[in-house]
Amino acid sequence: YTTCEHTLTRRAREAHMKRFRKAQAIQRRLEEIEVTFRELEQEGIKLEKLLRDENGSPGDQQTEWTNQLLYLVQKKNSLMIEESDIMIAVQELKLEQQQWQLDKKLRTYMNREESLKTPEDCKAEQETLVQLLKVVNERNLLIHIQEEKRLSEL
């Protein structure tokens, strides 16, 4: 291998590990969100029962329970927004991996000498290029969706 090939191999390994670590972090966060959802649901059920069975509870107590319930709903909504952002990140990671694989495959076709390519090789190279462009467009769409979401939240 040449120095360039070693460098490319090392960078590919580093990029793969970076995607792997990001996927692990995403998985952990999704699990944390799920646990928090369950906890919020349980707290909400308790508060709803308290409000239904208020039987002469002071007005201040009812107001406090209502405020706590509204806070739980607000927290759940923010977690749902975060979860949807994470799902977009998961899709983006998948597309990034696909792009890397297609790019690698395309590079092997393009590195072959034109005179040695069979018609099947040329066709496969074109198909790979079309797939790569499709993945790039999908990633671009995800980025556009994230930007729209960010602007709407502002």
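All figures in this text were calculated on a predicted structure; none of them were measured in a lab.
When atom types are taken as modelled, the side chain of D121 and the backbone of T118 share a donor-acceptor pair closer than 3.5 angstrom. Using modelled atom types, no side-chain atom of N140 and backbone atom of V136 make a donor-acceptor pair closer than 3.5 Å.
Cluster membership for I86 and L95, using ILVMFWY side-chain heavy atoms within less than 4.5 angstrom, is not shared. I26 and M80 fall within a single hydrophobic cluster, where Ile, Leu, Val, Met, Phe, Trp and Tyr side chains are chained together by heavy-atom contacts under 4.5 Å. In terms of hydrophobic clustering, with Ile, Leu, Val, Met, Phe, Trp and Tyr side chains grouped at heavy-atom distances under 4.5 Å, L79 and L30 are assigned to a common cluster. Following chains of ILVMFWY side-chain contacts shorter than 4.5 Å, one can reach I33 starting from V90, so the two form part of one hydrophobic cluster. Under the 4.5 Å side-chain heavy-atom criterion for grouping Ile, Leu, Val, Met, Phe, Trp and Tyr, L129 is connected to M110 within one hydrophobic cluster.
We find the NZ-OG1 distance between K123 and T128 to be 12.0 Å, quoted to the nearest 0.5 Å. The line from CD of Q74 to CG of N67 is 10.5 Å long, rounded to the nearest 0.5 Å. Rounded to the nearest 0.5 Å, atoms CD (Q68) and OG1 (T66) are 9.0 Å apart. To the nearest 0.5 Å, atoms CG (L8) and OG1 (T3) are separated by 11.0 Å. The line from CG of N111 to CG of L106 is 9.5 Å long, rounded to the nearest 0.5 Å. The structure places NZ of K76 at 12.0 Å from OG1 of T36, a figure rounded to the nearest 0.5 Å.
For the pair L93 and R19, the tightest heavy-atom approach, listed with the atom from each and the gap, is CD2-CG, 3.8 Å. In terms of heavy-atom proximity, L72 sits nearest to L47 at CD1-CD1, 3.5 Å. Taking all atoms of both residues into account, the shortest heavy-atom contact from V135 to Q98 is CG2-OE1, 3.6 Å. Of all the heavy atoms in Q131 and L102, the pair that sits closest is OE1-CD2, 3.2 Å. Contact record, K117 with Y109: CE-O, 3.0 Å, taken as the closest heavy-atom pair. When all heavy atoms of Q91 and L142 are compared, the pair lying nearest together is CG-CD1, 3.6 Å.
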task = Take Q97 and H16 through the side chain to side chain contact (heavy atoms under 4.5 Å, CB included) test and state the conclusion after the steps.
result = CA-CA 8 Å; Q97 179 67 26; H16 177 73; 4.0 Å; yes
query = Between Q146 and D85, does a side chain to side chain contact (heavy atoms under 4.5 Å, CB included) hold up when you go through it step by step?
reply = CA-CA 8 Å; Q146 284 175 319; D85 289 343; over 6 Å; no
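Heavy-atom neighbours of K149 NZ from other residues, nucleotides or ligands within 6.0 Å: above the threshold of 12. Counting non-hydrogen atoms of neighbouring residues, nucleotides and ligands closer than 6.0 angstrom, the CD atom of Q24 exceeds 12 such neighbours.
Ion pairing between R150 and E147 holds under the 4.0 Å rule for side-chain N and carboxylate O. By the 4.0 Å N-to-carboxylate-O rule, R10 lies close enough to E14 to be salt-bridged with it. Salt bridge status for R29 with E82: present, with a side-chain N to carboxylate O gap under 4.0 Å.
Partner of R38 under the side-chain contact (heavy atoms from CB on, under 4.5 Å) criterion, chosen from Q42, E34, E41: E34.
A side-chain donor from one of Q27 and E31 sits under 3.5 Å from a side-chain acceptor of the other.
L141 is not listed as a side-chain neighbour of E138, based on a closest heavy-atom distance of 4.5 Å or more.
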